[in-house]
Amino acid sequence: MARLVRVARSSSLFGFGNRFYSTSAEASHASSPSPFLHGGGASRVAPKDRNVQWVFLGCPGVGKGTYASRLSTLLGVPHIATGDLVREELASSGPLSQKLSEIVNQGKLVSDEIIVDLLSKRLEAGEARGESGFILDGFPRTMRQAEILGDVTDIDLVVNLKLPEEVLVDKCLGRRTCSQCGKGFNVAHINLKGENGRPGISMDPLLPPHQCMSKLVTRADDTEEVVKARLRIYNETSQPLEEYYRTKGKLMEFDLPGGIPESWPRLLEALRLDDYEEKQSVAA
Ligand code: ADP
């Protein structure tokens with residue numbers, strides 16, 4: 001714990017470092033204000049002198065990684081997924097590896113100490129590369145983690161992605177990653193009918209290109225039993241974070257309307273970044 005606190009206090013990642021925008025982005029941003037980026041004085045606004053510091057919350061399978069990663073590319077901030085840090089540690093066969101694999105493969109949470117240590121190391125390495133700002137995905141996941149984060153830095157915005165519970169298991173079971181290029185795909189066809197006033201939801205599979213097809217792998221913890229355990233643990237342990245950030249006025253709820261083609265533009269709109277994306281592509 002001390003490590004995150006120490007690293008964070010001295011880190012530009014936590015708000016005291018480089019300016020976020022390049023000259024061209026700054027110019028385009030000036031006429032394209034998003035309340036989440038800077039200015040205005042609201043608590044979730046990123047101050048002018050640093051990059052955004054956002055958190056993505058949401059159940060396993062909701063798509064945190066997909067949207068956090070797209071936004072990180074758009075905004076030029078690192079996307080830091082603690083699940084990825086855990087999987088890297090697992091793959092490294094280091095001293096923690098055996099212990100972690102037992103925990104992860106049962107769908108349980110890694111201890112706050114271990115996860116804070118992995119995140120600290122990632123932040124430290126990023127700081128050395130001159131990174132500023134972040135979009136956190138999968139952290140915090142416990143109240144203790146949220147308190148530690150809150151003690152060391154200001155979070156501007158917490159995006160809570162939501163999908164009906166019925167589709168989450170299918171989405172997790174449909175996840176595939178290309179073992180060569182590392183890109184994520186999803187082979188699930190989601191077609192949930194609307195009922196009791198809830199709109200239906202359909203999501204086309206996100207299929208890999210031909211060259212990735214034979215190299216697809218499935219995460220060891222994406223089995224039906226483990227996904228159900230993860231969903232249960234999310235509801236018990238991580239859901240209270242929604243209320244915690246709602247009370248602080250940081251929470252933005254976002255009901256995903258469908259797959260990426262429907263959801264991405266709507267998310268940008270909700271973040272008032274739709275215009276920003278257009279101007280970025282013109283500037284590119
Ligand atoms: P999910 O699809 O469940 O959101 P992740 O890729 O975020 O999966 O995480 C995979 C696993 O890594 C989790 O089930 C958990 O064991 C561990 N993990 C990731 N982030 C955290 C965290 N902040 N606290 C504790 N454990 C974590």
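Only heavy atoms go into these numbers, but all of them, side chains included; no hydrogens, no water, no symmetry mates.
- The closest donor-acceptor contact from the side chain of Lys250 to the backbone of Val158 lies at 3.5 Å or more, if one exists at all.
- Between the side chain of Thr153 and the backbone N or O of Leu149 there is no donor-acceptor pair closer than 3.5 Å.
- Between the CG atom in Leu119 and the CD atom in Gln145 there is a gap of 9.0 Å [rounded to 0.5 Å].
- Every residue meeting the salt bridge (charged side-chain N to carboxylate O under 4.0 Å, His left out) condition with Asp221, not counting sequence neighbours, appears here in chain and number order: Arg219, Arg230.
- Heavy atoms only, all atoms of each residue included: Ser179 and Val217 are closest at CB-CG1, 4.1 Å.
- Taking the side chain as every heavy atom from C-beta outward, Leu271 and Trp54 approach each other to under 4.5 Å.
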Practice task
Please report the C-alpha distance between Leu123 and Glu127 in whole Å, then the side-chain angles of each, then the deciding distance to 0.1 Å, and finally whether the side-chain contact (heavy atoms from CB on, under 4.5 Å) criterion is met.
Solution key: CA-CA 6 Å; Leu123 291 172; Glu127 185 186 23; over 6 Å; no

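- Side-chain contact between Leu268 and Leu74 is present, with heavy atoms from C-beta onward closer than 4.5 Å.
- Between the CG atom of Leu163 and the CD1 atom of Ile190 there is a distance of 8.5 Å, given to the nearest 0.5 Å.
- Within the 4.5 Å cutoff, side-chain heavy atoms of Leu71 are placed close to those of Leu267.
- Listed by chain and number, the residues in a salt bridge (charged side-chain N to carboxylate O under 4.0 Å, His left out) with Glu102 amount to none (sequence neighbours excluded).
- In summary, Arg198 and Glu166 engage in a salt bridge, as defined by a charged side-chain N under 4.0 Å from a carboxylate O.
- Of all non-hydrogen atoms in Pro208 and Met213, the two that sit nearest each other are CG-SD, 3.6 Å.
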Problem - Chi angles and distances behind the salt bridge (charged side-chain N to carboxylate O under 4.0 Å, His left out) call for Arg246, Glu243 - result: CA-CA 5 Å; Arg246 188 178 293 116; Glu243 193 48 37; 2.5 Å; yes

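- Pro140 approaches Val55 most closely through the heavy-atom pair CD-CG1, 3.9 Å.
- Scanning both residues, Met252 and Ala270, for their nearest heavy atoms gives CE-CB, 3.8 Å.
- To the nearest 0.5 Å, atom OG1 of residue Thr237 and atom CG of residue Leu109 are 5.5 Å apart.
- In this structure the side chain of Tyr234 never reaches within 4.5 angstrom of the side chain of Leu241, judged on heavy atoms.
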Exercise for the section: Take Asn160 and Glu253, measure what side-chain hydrogen bond (donor to acceptor under 3.5 Å, both in side chains) needs, and give me the verdict at the end. Expected result: CA-CA 5 Å; Asn160 187 28; Glu253 306 270 14; 2.8 Å; yes

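- Under the salt bridge (charged side-chain N to carboxylate O under 4.0 Å, His left out) criterion, Lys228 pairs with Glu224, sequence neighbours left out.
- Residues Val169 and Leu231 have side chains in contact (heavy-atom distance under 4.5 Å, counting atoms from C-beta outward).
- Inter-residue side-chain proximity for Leu118 and Thr82 is flagged as unmet; no heavy-atom pair is nearer than 4.5 Å.
- Atoms NZ and CD1, on Lys108 and Ile233 in that order, are 7.5 Å from each other to the nearest 0.5 Å.
- Closest approach of Ser132 and Val77 over heavy atoms only: O-CG1, 3.7 Å.
- Contact annotation: the side chain of Asp137 never approaches that of Tyr67 to less than 4.5 Å [non-hydrogen atoms, C-beta and beyond].
- Atoms CG and OG1, from Asn105 and Thr223 in turn, are 8.0 Å apart once rounded to the nearest 0.5 Å.
- Residues satisfying the salt bridge (charged side-chain N to carboxylate O under 4.0 Å, His left out) test with Lys99, not counting sequence neighbours, are none.
- Taken from CZ in Phe56 to NE2 in His79, the straight-line distance is 8.5 Å, to the nearest 0.5 Å.
- Arg266 and Glu269 are not joined by a salt bridge, as no carboxylate oxygen comes within less than 4.0 angstrom of a charged side-chain nitrogen.
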Handout entry: Cys172/Leu168 under side-chain contact (heavy atoms from CB on, under 4.5 Å): CA gap, chis, key distance, verdict
Key = CA-CA 6 Å; Cys172 284; Leu168 295 169; 5.6 Å; no

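- A donor-acceptor pair under 3.5 Å is formed between the side chain of Ser263 and the backbone N or O of Gly258.
- Under the 4.5 Å side-chain heavy-atom criterion for grouping Ile, Leu, Val, Met, Phe, Trp and Tyr, Val226 is not connected to Leu173 through any hydrophobic cluster.
- Under the rule for a side chain to side chain contact (heavy atoms under 4.5 Å, CB included), the partners of Arg176 that lie at least two apart in sequence or sit in another chain are Val187, Leu216, Thr218.
- Salt bridge Asp156/Arg50: present, at least one basic N to carboxylate O contact under 4.0 Å.
- Under the 4.0 Å criterion applied to side-chain N and carboxylate O atoms, Arg175 and Asp222 are assigned as salt-bridge partners.
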Table please: side-chain donor-acceptor pairs of residues 85-94 below 3.5 Å, with sequence neighbours left out.
from, atom 1, to, atom 2, distance (Å)
Arg87, NH2, Asp84, OD1, 2.9
Ser92, OG, Glu89, O, 2.7
Ser92, OG, Gly94, N, 3.2

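- With a 6.0 Å radius and a threshold of 12 heavy atoms from other residues, nucleotides or ligands, Glu147 has its CD atom above the threshold.
- Taking both residues in full, the closest heavy atoms of Ala229 and Gln106 are given as CB-O, 3.9 Å, listed atom of the first, atom of the second, then distance.
- Two residues are said to be in side-chain contact when any heavy atoms from C-beta on lie closer than 4.5 Å; Phe185 and Pro209 meet this criterion.
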